[in-house]
Each structure stands twice: as C-alpha cells, then as structure tokens.
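Read the numbers this way: they start at 1 and go in the same order the structure lists the ligands and their atoms. As a basis for the values below, the full set of heavy atoms in this structure was taken, side chains included, without hydrogen atoms, waters or symmetry mates.
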Amino acid sequence: MSVALITGITGQDGSYLAELLLKKNYKVVGMVRRSSTVTFERIADIQDDIIIEQGDLHDQSSLVDLLERYEPTEVYNLAAQSFVPTSWNQPVLTGEVTALGVTRLLEAIRQVVPRARFYQASSSEMFGKVLEVPQKEETPFYPRSPYGVAKAYGHFITVNYRESHDMFAVSGILFNHESPRRGLEFVTRKVSHNVARIKHGLQKTLPMGNLDAQRDWGFAGDYVEAMWMMLQREQPDDFVIGTGVTQSVRRLCELAFGRVGLDYKDFVTSDESLFRPAEVDLLIADPTKAKTTLGWEPKVDFESLVNMMVDADMERMAAKLKQ
Ligand code: NAP
Ligand code: G4F
C-alpha cells in the first residue's frame, strides 16, 4: 500500500490532496501542529479515514519520528506561513517555516526514508517582479516579499537535494489556486465571503487594496492532481502549474458582486493599509510543459470558480443566519 505523509493537511490544499489520495487507496498520514483549539474544519469529513499526527516544521525530531513510524512512500510538503502580507510583519517566522522548514524535512527524509518521493509546494510568488511574460520553468525569480524569498529558498534546496543526494525531490511552481475552502484573508475568499455578507444586509462596504493586480487563478481541486502526477513520473522534474489566463482583482469584484445582482462600484472602497510595500503586479503562467509532459490541464475556468465560491458563501451565510 502507498503511504503518503502530508504536512499542512489542515490547509486548503492539504484537504483536497488527502481526499484525492484516499480515492486512490493511499494510507494518508496528516501532520498537524499543536494548537489550543483544533483547526480540522476542512478535513472534518475525512477525519476518520486518515491518520492525524502532531508535528511541526520548526521541530526536526518530530519529523524524524513521523518518518520512522510510518515509512511514507510519498511526502507532500504543503505546510507554510502562506499569507504574503504576514511575511512583512513576521519575516523571521516566515523564513523559519517556509524556507528552513523545507531543509528540516528533506534532511529527515534523507536520513530515514531516502527513497521516498518528495513534493515541495513552490509558488509563482517567486517570479515576483516578473522578468518574462508568461512565466515558465526557466523564468528567473525576482521575489517581492519575505514569503517569496522564503519560497525561492525552499525551491532551490529541493533542487539541491535532488542533485546532491539523488533523491526524488520535485517542486511544483503553482500559481494562485482557490476554492470555497480558501482562507478568509486571501483576496478571492475575502470578496466571496463579504459579497454574501453584503447581500444578506450584514455590512455596507468592502475595503480593498490594489484592484489592478493581476493573477492567474485556478481551482485548488485541479491543482492537487498535478501534485500527485508529478510524483508518479519516472524521473523527478519541476513544473509550472497554472491556467495561462490572467485576471485583475477588479474583474474578480465585478464577477463576484454580479453573481448576486450587485455592482461592485457601489460597495468597494479603497484602503491604503491593504496595499503592499512591494506588489507583484502581474502573474500569468505558461503551463505548456505540464500539459505536454504530465498530461495535466485545469478543468475549472475563472468565472466558474468565482461562481462556485460566491454560491458556497451565500449558502453558508444563509445557514448561519437560520441558526
Ligand atoms: P494554507 O491553507 O494557508 O495552509 C497552510 C498549512 O500549513 C496549514 O495546514 C497550517 O496549519 C500549516 N502550517 C503552518 N505553519 C506550520 C508549521 N510550523 N508546522 C506545520 N504546519 C504548519 O495554504 P494552502 O493554500 O493550502 O497552500 C499550501 C501550500 O502551497 C503552502 O505551502 C503555500 O505557501 C503553497 N502555495 C499555495 C498557493 C495557493 O494559491 N493556494 C500557490 C502556490 C503555493 P494550521 O491549520 O495549524 O494553520
Ligand atoms: O489573494 P492574495 O492575498 O494572494 P497572493 O499574495 O497572490 O498569494 C497567494 O498566491 C501565491 C501564489 O502566487 C501563494 F504562493 C501564496 O501562498 C498565496 O496563496 O492577493 C492577491 C492579490 C495581491 O496582488 C493583492 O495586493 O490581491 C491583491 N489585493 C487587493 N486587495 C488583496 C486585497 N489581497 C488581499 N489578501 N486582501 C485585499 O483586500
């Protein structure tokens, strides 16, 4: 039986990946960090089908212990301090978890299960102030936030362990991917959640940052399939995963408010504090290699994604108000 260890299983991607691997009959071990209240909302439906173990990317011995006990055949490193604005307020913590955490895990794998296949959650934030449009595997990095810098470290240490120790270690350079399970602080979910609040009369305005930023947004459920596909190949390699289409935050607002019959211009206000010290203005993927080599293609387009998220938040809000 294939055994997968997922760090970050309580996050958006971790929950979708765990569901995918269960369908493929994997034994799924999810690493969770200790907290005073549990954060299992996204994995509530599969909690009885997976093994949940405590561990933390800060703590090397917790990683070694998990690898020794479960001897995973595949390790997916999805855990990170993943919110870009927080990385300016907590740059050292972001570096500890999102950068050095990768080395801790790779080193533990090298010592305990060197034949295990390793997936690193790299990010299009590494392209930052983009040096090429669209961005592909060979595009040089120019990160614009402590988060982007930390991810660039995680990316290169993964490549380095592959080349130095002959490990099956790969990096997926994923562009923004969203879902109804997205954290409330990220822009798509912030908008869909607040559209539902406004439609239900719970608030009147929505303060936003840079509406002109452009992102290549896809559906998280599609993107976890690409993660799995990368670990099934004969040779380890890195891939850009995205849709190849870019949209502005303004267009996101237009579509999300439009879904419930409202005009975003009547509600969205500008809040200077939500603008970033250094912005990533434009991200757009060139996913040709993923399409031709992996056979991966996204199934959900941007408008369907926005509709899915707004509809889910409208349902949640209606259910909450009934209670
Ligand atoms: P997410 O929802 O923010 O989940 C992050 C996960 O990391 C959570 O399970 C969190 O646990 C865990 N975590 C944080 N610090 C930890 C630590 N010290 N030790 C162990 N676990 C820790 O992120 P996501 O959207 O699912 O993204 C998954 C990964 O892909 C992240 O590495 C992210 O940076 C990367 N990525 C995401 C995107 C995207 O658009 N979503 C694009 C490119 C790359 P708690 O539940 O306890 O907080
Ligand atoms: O949704 P965001 O916070 O995502 P961001 O910064 O692109 O990062 C996400 O995608 C990365 C992949 O490229 C991941 F690696 C990372 O972990 C995370 O998942 O912001 C998207 C854009 C930015 O340009 C931001 O300035 O939306 C703009 N924006 C405008 N107003 C806002 C807001 N972002 C947020 N969070 N909140 C706003 O009010």
Side-chain angles (χ1 to χ4, degrees), residues 6-18 30-35 37-43 54-59 62-63 76-87 93-94 96-98 100-102 104-105 119-128 135 143-145 147-148 150-151 154-155 171-179 181-191 194 206-220 223-224 227 240-242 247-250 252-253 268-271 273-283 285:
I6 304 176
T7 74
I9 196 163
T10 54
Q12 171 188 259
D13 290 5
S15 66
Y16 281 107
L17 179 64
M31 187 182 93
V32 300
R33 54 180 173 163
R34 193 266 159 187
S35 63
T37 52
V38 290
T39 54
F40 294 176
E41 195 186 321
R42 295 182 179 105
I43 51 171
Q54 280 190 6
D56 199 302
L57 285 186
H58 286 103
D59 190 308
S62 69
L63 307 176
Y76 295 86
N77 184 35
L78 308 186
Q81 188 306 91
S82 72
F83 190 47
V84 172
T86 297
S87 75
L93 177 131
T94 301
E96 278 291 344
V97 180
T98 306
L100 274 182
V102 187
R104 291 193 192 97
L105 186 51
Y119 173 87
Q120 167 58 15
S122 286
S123 164
S124 51
E125 272 288 307
M126 302 186 302
F127 295 124
Q135 297 84 50
R144 294 275 277 171
S145 62
Y147 169 83
K151 280 290 179 187
H155 175 83
S171 170
I173 306 176
L174 270 53
F175 283 62
N176 299 51
H177 46 279
E178 321 291 314
S179 73
R181 300 183 198 169
R182 189 56 145 149
L184 285 169
E185 67 275 39
F186 299 94
V187 75
T188 52
R189 186 73 200 291
K190 174 177 170 175
V191 170
N194 285 290
L206 175 56
M208 295 285 300
N210 181 10
L211 296 184
D212 296 319
Q214 289 173 273
R215 290 291 183 276
D216 179 331
W217 277 296
F219 171 53
Y223 287 45
V224 298
M227 296 176 187
V240 155
I241 302 294
Q247 307 279 354
S248 67
V249 175
R250 191 182 306 280
L252 161 70
C253 293
V268 170
T269 59
S270 182
D271 182 340
S273 70
L274 295 171
F275 283 71
R276 298 179 179 183
E279 178 63 284
V280 172
D281 295 315
L282 165 71
L283 290 175

Checklist entry - Between CG of Asp212 and CG of Asp281, what distance do you get to the nearest 0.5 Å? => result 9.0 Å
Checklist entry - Listed by chain and number, what are the ring-ring contact (aromatic ring centres under 6.0 Å, His included) partners of Phe40, not counting sequence neighbours? => result none
Checklist entry - To the nearest 0.5 Å, how far apart are CD in Gln120 and CG in Leu105? => result 8.5 Å
Checklist entry - What residues, two or more places apart in sequence or in another chain, satisfy ring-ring contact (aromatic ring centres under 6.0 Å, His included) together with Tyr223? => result His177, Trp296
Checklist outcome for this item: Close residues (non-hydrogen atom under 4.0 angstrom from ligand 1) work out to Gly8, Thr10, Gly11, Gln12, Asp13, Met31, Arg33, Thr39, Asp56, Leu57, His58, Leu78, Ala79, Ala80, Ser82, Val97, Ala121, Ser122, Ser123, Tyr147, Lys151, Leu174, Phe175, Asn176, His177, Arg182
Next on the checklist: For the residue pair Arg215 and Phe175, would you count it as a cation-pi contact if the rule is NZ or CZ under 6.0 angstrom from the ring centre and within 45 degrees of the ring axis?
Outcome noted: no
Next on the checklist: For Phe83 and Phe186, take the angle between the two ring planes, folded into 0 to 90°, and tell me which bin it lands in: parallel under 30, tilted 30 to 60, perpendicular over 60.
Outcome noted: perpendicular
Item to check | Spatial distance of atom CG (Asp271) from atom CE (Met208) [nearest 0.5 Å] | outcome: 10.0 Å
Item to check | For ligand 2, the residues whose heavy atoms come within less than 4.0 Å (ordered by chain, then number) | outcome: Ser82, Phe83, Val84, Ser123, Ser124, Glu125, Tyr147, Asn176, Arg182, Glu185, Phe186, Val187, Lys190, Met208, Gly209, Asn210, Ala213, Arg215, Val249, Leu274, Arg276, Glu279, Leu283
Item to check | Any donor-acceptor pair under 3.5 Å from Ser87 side chain to Tyr147 backbone | outcome: yes
Checklist entry - Hey, is the main chain of Asp56 close enough, under 3.5 Å, to the side chain of Arg33 for a donor-acceptor pair? => result no
